[in-house]
2 protein chains.
Amino acid sequence: MNIDVGVRLRNIRTAFGISQRELARRAGVTNGLISLIEQNRVSPSVSSLKKVLDGVPMSLAEFFTLDLGAAPQAFFGTDELVELGNEQVSLRLVAAQRPGRQMSVLHERYAPGAATGEEMLAHRGEEAGVVIRGRIELTVSGATRVLGPGEAYYFASQLPHRFRNAGREACEIISACTPPTF
Amino acid sequence: MNIDVGVRLRNIRTAFGISQRELARRAGVTNGLISLIEQNRVSPSVSSLKKVLDGVPMSLAEFFTLDLGAAPQAFFGTDELVELGNEQVSLRLVAAQRPGRQMSVLHERYAPGAATGEEMLAHRGEEAGVVIRGRIELTVSGATRVLGPGEAYYFASQLPHRFRNAGREACEIISACTPPTF
DNA sequence: CCTTCTTGTCTAGTATATTAAACGATATGA
DNA sequence: TCATATCGTTTAATATACTAGACAAGAAGG
(Lines give C-alpha, C1' and ligand atoms only; values in the text may rest on other atoms or scores of the structure.)
Protein backbone atom coordinates (compact mmCIF):
# COMPACT_ATOMS: atom_id res chain seq x y z
CA MET A 1 0.00 0.00 0.00
CA ASN A 2 2.62 2.47 1.08
CA ILE A 3 5.46 3.53 -1.16
CA ASP A 4 8.52 2.19 0.63
CA VAL A 5 10.55 5.35 0.54
CA GLY A 6 12.92 4.12 3.21
CA VAL A 7 13.98 0.90 1.53
CA ARG A 8 14.28 2.70 -1.76
CA LEU A 9 16.55 5.34 -0.32
CA ARG A 10 18.68 2.77 1.46
CA ASN A 11 19.08 0.73 -1.71
CA ILE A 12 20.14 3.79 -3.63
CA ARG A 13 22.54 5.00 -0.97
CA THR A 14 24.22 1.61 -0.55
CA ALA A 15 24.34 1.18 -4.33
CA PHE A 16 26.43 4.35 -4.36
CA GLY A 17 28.52 3.00 -1.51
CA ILE A 18 28.24 6.03 0.75
CA SER A 19 27.39 6.30 4.45
CA GLN A 20 24.41 8.04 5.99
CA ARG A 21 26.71 10.77 7.25
CA GLU A 22 28.34 11.28 3.88
CA LEU A 23 24.98 11.52 2.15
CA ALA A 24 23.73 13.85 4.88
CA ARG A 25 26.75 16.09 4.42
CA ARG A 26 26.24 16.33 0.65
CA ALA A 27 22.51 16.90 1.07
CA GLY A 28 22.76 19.44 3.87
CA VAL A 29 20.64 17.48 6.33
CA THR A 30 21.53 15.51 9.44
CA ASN A 31 22.55 11.87 9.43
CA GLY A 32 19.80 11.17 11.94
CA LEU A 33 17.20 12.21 9.42
CA ILE A 34 18.58 9.82 6.83
CA SER A 35 18.44 7.07 9.41
CA LEU A 36 14.84 7.82 10.34
CA ILE A 37 13.76 8.00 6.71
CA GLU A 38 15.44 4.71 5.85
CA GLN A 39 13.64 3.02 8.73
CA ASN A 40 10.32 4.54 7.61
CA ARG A 41 10.02 6.12 11.04
CA VAL A 42 9.13 9.41 9.34
CA SER A 43 7.68 10.32 5.98
CA PRO A 44 10.02 13.02 4.69
CA SER A 45 8.68 16.23 3.26
CA VAL A 46 9.10 16.58 -0.46
CA SER A 47 11.55 19.41 0.08
CA SER A 48 13.84 17.41 2.32
CA LEU A 49 13.61 14.30 0.16
CA LYS A 50 14.65 16.46 -2.75
CA LYS A 51 17.60 17.77 -0.76
CA VAL A 52 18.65 14.23 0.05
CA LEU A 53 18.36 13.06 -3.56
CA ASP A 54 20.32 16.08 -4.74
CA GLY A 55 23.20 14.61 -2.77
CA VAL A 56 23.20 11.40 -4.84
CA PRO A 57 22.31 12.99 -7.27
CA MET A 58 18.94 11.74 -8.46
CA SER A 59 15.68 13.43 -9.43
CA LEU A 60 12.41 12.85 -7.65
CA ALA A 61 10.98 11.44 -10.88
CA GLU A 62 13.82 8.91 -11.13
CA PHE A 63 13.44 8.03 -7.48
CA PHE A 64 9.79 7.13 -7.83
CA THR A 65 10.22 5.23 -11.10
CA LEU A 66 12.26 2.20 -10.17
CA ASP A 67 11.25 -0.84 -12.26
CA LEU A 68 11.02 -2.43 -15.72
CA GLY A 69 9.92 -5.50 -17.71
CA ALA A 70 10.58 -11.92 -23.60
CA ALA A 71 10.93 -14.03 -27.31
CA PRO A 72 7.23 -14.52 -28.04
CA GLN A 73 5.34 -14.02 -31.28
CA ALA A 74 6.64 -11.12 -33.33
CA PHE A 75 4.39 -11.14 -36.41
CA PHE A 76 0.65 -10.74 -36.48
CA GLY A 77 -1.68 -11.25 -39.43
CA THR A 78 -4.89 -9.27 -39.54
CA ASP A 79 -6.78 -12.29 -38.18
CA GLU A 80 -4.30 -12.58 -35.32
CA LEU A 81 -5.18 -9.18 -33.95
CA VAL A 82 -7.60 -9.49 -31.06
CA GLU A 83 -10.89 -7.71 -31.65
CA LEU A 84 -11.93 -5.77 -28.57
CA GLY A 85 -14.47 -3.14 -29.53
CA ASN A 86 -18.14 -3.07 -30.40
CA GLU A 87 -19.97 -2.42 -33.67
CA GLN A 88 -19.42 1.31 -33.47
CA VAL A 89 -15.80 1.34 -32.39
CA SER A 90 -13.57 -1.52 -33.49
CA LEU A 91 -10.31 -2.04 -31.62
CA ARG A 92 -7.80 -4.54 -33.01
CA LEU A 93 -5.03 -5.16 -30.50
CA VAL A 94 -1.51 -6.22 -31.45
CA ALA A 95 0.17 -8.88 -29.26
CA ALA A 96 -2.80 -9.05 -26.91
CA GLN A 97 -1.66 -12.14 -25.04
CA ARG A 98 1.97 -11.09 -24.73
CA PRO A 99 2.86 -11.20 -21.03
CA GLY A 100 4.60 -8.22 -19.50
CA ARG A 101 4.43 -6.04 -22.58
CA GLN A 102 4.86 -2.34 -21.96
CA MET A 103 2.59 -0.94 -24.64
CA SER A 104 -0.74 -1.52 -26.29
CA VAL A 105 -0.79 -0.95 -30.05
CA LEU A 106 -4.21 -0.80 -31.65
CA HIS A 107 -5.80 -0.54 -35.05
CA GLU A 108 -8.95 1.47 -34.27
CA ARG A 109 -11.96 1.99 -36.50
CA TYR A 110 -14.72 4.47 -35.68
CA ALA A 111 -18.00 4.18 -37.57
CA PRO A 112 -19.61 7.52 -38.58
CA GLY A 113 -21.05 9.09 -35.43
CA ALA A 114 -19.24 6.68 -33.12
CA ALA A 115 -17.53 7.96 -29.97
CA THR A 116 -15.71 6.62 -26.96
CA GLY A 117 -18.81 7.48 -24.92
CA GLU A 118 -20.64 10.41 -23.47
CA GLU A 119 -18.28 10.75 -20.53
CA MET A 120 -14.72 11.95 -20.82
CA LEU A 121 -12.14 9.22 -20.26
CA ALA A 122 -9.32 9.59 -17.74
CA HIS A 123 -6.83 6.93 -16.71
CA ARG A 124 -3.13 6.59 -16.11
CA GLY A 125 -0.48 6.55 -18.76
CA GLU A 126 0.16 8.22 -22.09
CA GLU A 127 -1.41 7.66 -25.46
CA ALA A 128 -0.59 8.65 -29.01
CA GLY A 129 -1.70 7.83 -32.49
CA VAL A 130 -1.82 8.72 -36.17
CA VAL A 131 -4.97 9.02 -38.27
CA ILE A 132 -4.70 6.96 -41.44
CA ARG A 133 -8.18 7.41 -42.91
CA GLY A 134 -11.20 9.66 -42.34
CA ARG A 135 -11.44 12.31 -39.66
CA ILE A 136 -11.64 12.15 -35.88
CA GLU A 137 -12.73 14.84 -33.42
CA LEU A 138 -10.49 14.68 -30.37
CA THR A 139 -11.05 16.58 -27.13
CA VAL A 140 -8.30 16.82 -24.54
CA SER A 141 -8.65 18.91 -21.39
CA GLY A 142 -11.38 21.00 -22.94
CA ALA A 143 -9.53 21.64 -26.21
CA THR A 144 -11.11 20.11 -29.31
CA ARG A 145 -9.61 19.52 -32.73
CA VAL A 146 -10.45 17.49 -35.80
CA LEU A 147 -7.57 15.41 -37.13
CA GLY A 148 -7.31 14.00 -40.64
CA PRO A 149 -5.04 11.47 -42.39
CA GLY A 150 -1.37 11.87 -41.40
CA GLU A 151 -2.22 14.01 -38.39
CA ALA A 152 -1.43 12.82 -34.93
CA TYR A 153 -1.91 13.24 -31.19
CA TYR A 154 0.05 12.61 -28.01
CA PHE A 155 -1.25 13.35 -24.51
CA ALA A 156 -1.19 12.18 -20.90
CA SER A 157 -4.17 9.91 -20.42
CA GLN A 158 -4.97 11.43 -17.03
CA LEU A 159 -6.28 14.47 -18.88
CA PRO A 160 -9.97 14.06 -19.62
CA HIS A 161 -10.29 13.02 -23.27
CA ARG A 162 -12.83 11.80 -25.81
CA PHE A 163 -12.79 10.59 -29.40
CA ARG A 164 -15.72 11.11 -31.77
CA ASN A 165 -16.17 10.55 -35.46
CA ALA A 166 -18.21 13.58 -36.50
CA GLY A 167 -17.89 12.87 -40.22
CA ARG A 168 -19.71 10.59 -42.65
CA GLU A 169 -16.75 8.39 -43.46
CA ALA A 170 -15.34 5.67 -41.20
CA CYS A 171 -12.15 6.77 -39.44
CA GLU A 172 -9.11 4.57 -38.83
CA ILE A 173 -6.32 5.24 -36.39
CA ILE A 174 -3.18 3.41 -35.38
CA SER A 175 -2.61 4.15 -31.72
CA ALA A 176 -0.30 3.23 -28.90
CA CYS A 177 -0.59 3.62 -25.17
CA THR A 178 1.65 2.91 -22.22
CA PRO A 179 1.31 1.27 -19.82
CA PRO A 180 -0.88 -1.23 -21.72
CA THR A 181 -4.51 -0.39 -20.95
CA PHE A 182 -5.88 -3.12 -23.22
CA MET B 1 15.43 25.77 -7.57
CA ASN B 2 12.61 24.08 -5.72
CA ILE B 3 10.25 21.73 -7.50
CA ASP B 4 7.04 23.70 -7.81
CA VAL B 5 4.80 21.12 -6.21
CA GLY B 6 2.06 23.64 -5.62
CA VAL B 7 1.63 24.79 -9.20
CA ARG B 8 1.81 21.23 -10.40
CA LEU B 9 -0.90 20.12 -8.07
CA ARG B 10 -3.09 23.05 -8.98
CA ASN B 11 -2.66 22.38 -12.69
CA ILE B 12 -3.62 18.77 -12.23
CA ARG B 13 -6.58 19.54 -10.03
CA THR B 14 -7.99 22.20 -12.34
CA ALA B 15 -7.36 19.98 -15.38
CA PHE B 16 -9.73 17.55 -13.71
CA GLY B 17 -12.17 20.33 -12.94
CA ILE B 18 -12.58 19.54 -9.25
CA SER B 19 -12.47 21.86 -6.25
CA GLN B 20 -10.00 21.81 -3.39
CA ARG B 21 -12.72 20.47 -1.12
CA GLU B 22 -13.68 17.69 -3.51
CA LEU B 23 -10.08 16.60 -3.91
CA ALA B 24 -9.60 16.79 -0.15
CA ARG B 25 -12.65 14.62 0.40
CA ARG B 26 -11.40 11.96 -2.03
CA ALA B 27 -7.91 12.06 -0.57
CA GLY B 28 -8.92 12.06 3.07
CA VAL B 29 -7.18 15.32 3.95
CA THR B 30 -8.48 18.79 4.68
CA ASN B 31 -9.18 21.41 2.05
CA GLY B 32 -6.92 23.80 3.93
CA LEU B 33 -3.97 21.55 3.32
CA ILE B 34 -4.64 21.48 -0.41
CA SER B 35 -4.77 25.25 -0.36
CA LEU B 36 -1.49 25.56 1.54
CA ILE B 37 0.26 23.08 -0.73
CA GLU B 38 -0.93 24.82 -3.88
CA GLN B 39 0.38 28.12 -2.55
CA ASN B 40 3.72 26.49 -1.68
CA ARG B 41 3.20 27.61 1.90
CA VAL B 42 4.14 24.11 3.04
CA SER B 43 6.16 21.31 1.52
CA PRO B 44 3.90 18.29 1.94
CA SER B 45 5.23 15.06 3.34
CA VAL B 46 5.52 12.27 0.84
CA SER B 47 2.81 10.37 2.66
CA SER B 48 0.29 13.17 2.45
CA LEU B 49 1.19 14.03 -1.14
CA LYS B 50 0.58 10.38 -1.97
CA LYS B 51 -2.81 10.54 -0.26
CA VAL B 52 -3.71 13.62 -2.28
CA LEU B 53 -2.63 12.06 -5.57
CA ASP B 54 -4.56 8.89 -4.78
CA GLY B 55 -7.63 11.09 -4.97
CA VAL B 56 -6.96 11.99 -8.60
CA PRO B 57 -5.72 9.22 -9.07
CA MET B 58 -2.07 9.66 -10.04
CA SER B 59 1.15 8.05 -8.89
CA LEU B 60 4.04 9.95 -7.37
CA ALA B 61 6.18 8.94 -10.33
CA GLU B 62 3.67 10.39 -12.75
CA PHE B 63 3.36 13.52 -10.68
CA PHE B 64 7.06 14.25 -10.78
CA THR B 65 7.45 13.34 -14.45
CA LEU B 66 4.81 15.79 -15.54
CA ASP B 67 6.35 18.69 -17.37
CA LEU B 68 6.02 21.99 -15.65
CA GLY B 69 4.43 25.03 -17.19
CA ALA B 70 1.65 25.01 -19.74
CA ALA B 71 -0.20 22.00 -20.98
CA PRO B 72 1.90 20.25 -23.61
CA GLN B 73 0.80 20.12 -27.20
CA ALA B 74 -1.73 17.36 -27.77
CA PHE B 75 -2.53 17.76 -31.49
CA PHE B 76 -0.09 17.51 -34.36
CA GLY B 77 -0.70 18.45 -37.96
CA THR B 78 1.29 16.65 -40.65
CA ASP B 79 3.70 19.55 -40.86
CA GLU B 80 4.21 19.46 -37.08
CA LEU B 81 5.66 15.95 -37.16
CA VAL B 82 9.43 16.06 -36.99
CA GLU B 83 11.14 14.52 -40.00
CA LEU B 84 14.01 12.28 -38.93
CA GLY B 85 14.85 9.89 -41.76
CA ASN B 86 16.63 10.11 -45.07
CA GLU B 87 15.36 9.91 -48.62
CA GLN B 88 14.97 6.15 -48.54
CA VAL B 89 13.37 5.83 -45.11
CA SER B 90 11.22 8.69 -43.90
CA LEU B 91 10.46 8.84 -40.15
CA ARG B 92 7.88 11.36 -38.95
CA LEU B 93 7.91 11.58 -35.18
CA VAL B 94 4.88 12.57 -33.09
CA ALA B 95 5.49 14.90 -30.11
CA ALA B 96 9.24 14.97 -30.74
CA GLN B 97 9.98 17.81 -28.34
CA ARG B 98 7.74 16.57 -25.54
CA PRO B 99 9.92 16.23 -22.45
CA GLY B 100 9.72 13.05 -20.44
CA ARG B 101 7.43 11.21 -22.83
CA GLN B 102 7.41 7.45 -22.48
CA MET B 103 6.93 6.42 -26.10
CA SER B 104 7.97 7.32 -29.60
CA VAL B 105 5.21 7.14 -32.18
CA LEU B 106 6.31 7.32 -35.79
CA HIS B 107 4.84 7.53 -39.26
CA GLU B 108 7.40 5.59 -41.30
CA ARG B 109 7.70 5.48 -45.07
CA TYR B 110 10.01 3.05 -46.87
CA ALA B 111 10.81 3.74 -50.51
CA PRO B 112 10.97 0.66 -52.78
CA GLY B 113 14.19 -1.21 -51.92
CA ALA B 114 14.82 0.82 -48.78
CA ALA B 115 15.94 -0.87 -45.57
CA THR B 116 17.04 0.03 -42.07
CA GLY B 117 20.57 -0.91 -43.13
CA GLU B 118 22.71 -3.90 -43.87
CA GLU B 119 23.30 -4.67 -40.20
CA MET B 120 20.66 -6.02 -37.89
CA LEU B 121 19.48 -3.51 -35.27
CA ALA B 122 19.43 -4.30 -31.55
CA HIS B 123 18.73 -1.93 -28.70
CA ARG B 124 16.78 -1.71 -25.45
CA GLY B 125 13.01 -1.58 -25.24
CA GLU B 126 10.02 -2.86 -27.20
CA GLU B 127 8.59 -1.87 -30.55
CA ALA B 128 5.37 -2.50 -32.39
CA GLY B 129 3.56 -1.25 -35.46
CA VAL B 130 0.87 -1.70 -38.08
CA VAL B 131 1.39 -1.60 -41.84
CA ILE B 132 -1.03 0.78 -43.51
CA ARG B 133 0.16 0.67 -47.12
CA GLY B 134 2.47 -1.47 -49.25
CA ARG B 135 4.49 -4.38 -47.94
CA ILE B 136 7.43 -4.65 -45.58
CA GLU B 137 9.83 -7.53 -45.06
CA LEU B 138 10.60 -7.83 -41.37
CA THR B 139 13.28 -10.05 -39.89
CA VAL B 140 13.35 -10.70 -36.14
CA SER B 141 15.80 -13.14 -34.57
CA GLY B 142 16.38 -14.87 -37.86
CA ALA B 143 12.69 -15.25 -38.72
CA THR B 144 11.52 -13.29 -41.77
CA ARG B 145 8.03 -12.41 -42.86
CA VAL B 146 6.41 -10.00 -45.27
CA LEU B 147 3.62 -7.94 -43.75
CA GLY B 148 0.90 -6.17 -45.71
CA PRO B 149 -1.75 -3.56 -44.87
CA GLY B 150 -3.48 -4.25 -41.55
CA GLU B 151 -0.79 -6.68 -40.44
CA ALA B 152 1.33 -5.93 -37.43
CA TYR B 153 4.41 -6.75 -35.36
CA TYR B 154 5.48 -6.57 -31.73
CA PHE B 155 8.90 -7.62 -30.45
CA ALA B 156 11.58 -6.87 -27.88
CA SER B 157 14.09 -4.54 -29.50
CA GLN B 158 17.03 -6.46 -28.07
CA LEU B 159 16.31 -9.14 -30.63
CA PRO B 160 18.25 -8.47 -33.84
CA HIS B 161 15.83 -7.00 -36.34
CA ARG B 162 15.70 -5.39 -39.75
CA PHE B 163 13.09 -3.78 -41.97
CA ARG B 164 13.27 -3.89 -45.76
CA ASN B 165 10.85 -2.91 -48.48
CA ALA B 166 11.28 -5.69 -51.05
CA GLY B 167 8.36 -4.59 -53.18
CA ARG B 168 7.92 -1.96 -55.88
CA GLU B 169 5.43 0.18 -53.96
CA ALA B 170 6.29 2.54 -51.10
CA CYS B 171 5.41 1.11 -47.71
CA GLU B 172 3.95 3.06 -44.80
CA ILE B 173 3.88 1.96 -41.19
CA ILE B 174 2.64 3.52 -37.97
CA SER B 175 4.92 2.35 -35.20
CA ALA B 176 5.54 2.85 -31.53
CA CYS B 177 8.47 2.07 -29.29
CA THR B 178 9.17 2.37 -25.61
CA PRO B 179 11.27 3.75 -24.08
CA PRO B 180 11.46 6.54 -26.68
CA THR B 181 14.41 5.78 -28.94
CA PHE B 182 13.79 8.78 -31.18
C1' DC C 1 -32.14 43.59 -1.05
C1' DC C 2 -31.94 38.99 1.01
C1' DT C 3 -30.57 34.18 1.78
C1' DT C 4 -27.82 29.83 0.58
C1' DC C 5 -24.28 27.46 -1.66
C1' DT C 6 -19.61 27.21 -3.30
C1' DT C 7 -15.22 28.84 -4.03
C1' DG C 8 -10.24 29.69 -1.98
C1' DT C 9 -7.79 31.63 2.03
C1' DC C 10 -6.37 32.26 6.68
C1' DT C 11 -5.45 31.29 11.86
C1' DA C 12 -4.72 28.73 16.30
C1' DG C 13 -3.85 24.36 18.01
C1' DT C 14 -1.91 19.81 17.41
C1' DA C 15 0.74 16.18 15.21
C1' DT C 16 4.88 15.18 13.08
C1' DA C 17 9.26 16.05 10.60
C1' DT C 18 13.89 17.58 11.57
C1' DT C 19 17.92 18.90 14.35
C1' DA C 20 21.69 18.45 17.60
C1' DA C 21 23.85 15.56 20.41
C1' DA C 22 24.50 11.48 22.60
C1' DC C 23 24.78 6.21 22.55
C1' DG C 24 26.51 1.34 21.55
C1' DA C 25 28.80 -1.48 18.12
C1' DT C 26 32.58 -2.55 15.09
C1' DA C 27 37.14 -1.92 13.24
C1' DT C 28 42.04 -0.38 13.06
C1' DG C 29 46.28 0.57 15.02
C1' DA C 30 49.73 1.76 18.73
C1' DT D 1 44.33 -2.88 26.43
C1' DC D 2 43.47 1.68 25.28
C1' DA D 3 42.72 4.96 22.11
C1' DT D 4 40.50 6.80 17.89
C1' DA D 5 37.97 6.37 14.07
C1' DT D 6 33.28 5.45 11.60
C1' DC D 7 29.16 3.14 11.37
C1' DG D 8 23.78 3.29 12.26
C1' DT D 9 20.52 4.28 15.99
C1' DT D 10 18.13 6.84 19.49
C1' DT D 11 16.33 10.82 22.30
C1' DA D 12 14.78 15.66 23.67
C1' DA D 13 14.07 20.02 21.74
C1' DT D 14 12.51 22.66 17.97
C1' DA D 15 10.67 23.74 13.38
C1' DT D 16 7.17 22.74 10.39
C1' DA D 17 3.30 20.08 8.35
C1' DC D 18 -1.44 19.33 9.10
C1' DT D 19 -6.28 19.88 11.11
C1' DA D 20 -10.52 22.10 12.43
C1' DG D 21 -12.99 25.81 11.93
C1' DA D 22 -13.89 30.53 10.69
C1' DC D 23 -13.64 34.16 7.13
C1' DA D 24 -14.52 36.97 2.75
C1' DA D 25 -15.82 36.91 -2.09
C1' DG D 26 -18.59 35.43 -5.81
C1' DA D 27 -22.75 33.11 -8.00
C1' DA D 28 -27.64 31.58 -8.19
C1' DG D 29 -32.27 32.23 -6.93
C1' DG D 30 -36.17 34.36 -4.43
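Predicted model only: the values in this text are computed from it and were never measured. As a basis for the values below, the full set of heavy atoms in this structure was taken, side chains included, without hydrogen atoms, waters or symmetry mates. Numbers restart at 1 for each chain; the letters A, B, ... are given by sequence-line order, proteins then strands.
Atom pair A:E22:CD and D:dT6:P shows a separation of 11 Å (rounding to whole Å applied). In this structure, B:Q39 atom CD and C:dT11 atom C1' are separated by 13 Å, rounded to whole Å. Taking atom CD1 on A:I34 and atom P on D:dT6, their separation rounds to 18 Å, with Å as the unit. Following rounding to the nearest Å, A:R13 (CZ) and D:dT6 (C1') show an atom-to-atom distance of 13 Å.
Every ring pair (Phe, Tyr, Trp, His ring centres under 6.0 Å) that B:F163 has, sequence neighbours left out, goes to B:Y153.
Put simply, the side chain of B:S35 reaches to within 4.5 Å of the side chain of B:Q20, judged on heavy atoms.
One N or O on the side chain of A:N165 and one on the backbone of A:Y110 form a donor-acceptor pair closer than 3.5 Å.
Distances shown here put every side-chain N or O of B:Q20 at or beyond 4.0 Å from the OP1 or OP2 atom of C:dT6. Proximity of B:R25 to the phosphate of C:dT6: no side-chain N or O atom is located under 4.0 Å from OP1 or OP2. Side-chain nitrogen and oxygen atoms of B:S35 include at least one within less than 4.0 Å of the OP1 or OP2 phosphate oxygen of C:dT9.
If you check every strand for non-hydrogen atoms under 4.0 Å, B:E38 touches nothing.
Considering every non-hydrogen atom in both A:I34 and A:A24, the closest pair reads CG1-CB, 4.0 Å.
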Practice problem: Mind running salt bridge (Lys or Arg N to Asp or Glu O under 4.0 Å) on B:R133 and B:E169 for me, showing each step along the way? | Solution: CA-CA 9 Å; B:R133 192 180 128 229; B:E169 183 190 9; 3.6 Å; yes
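Enclosure of atom CZ in B:R26 by more than 12 non-hydrogen atoms of other residues, nucleotides or ligands within 6.0 angstrom is indicated.
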Exercise. Spell out protein contact along nucleotides 11-25 of chain D as letters: B when the base is contacted, S when just the sugar-phosphate is, - when no protein heavy atom is under 4.0 Å; keep the 5' to 3' order.
Key: ------SSBS-B---
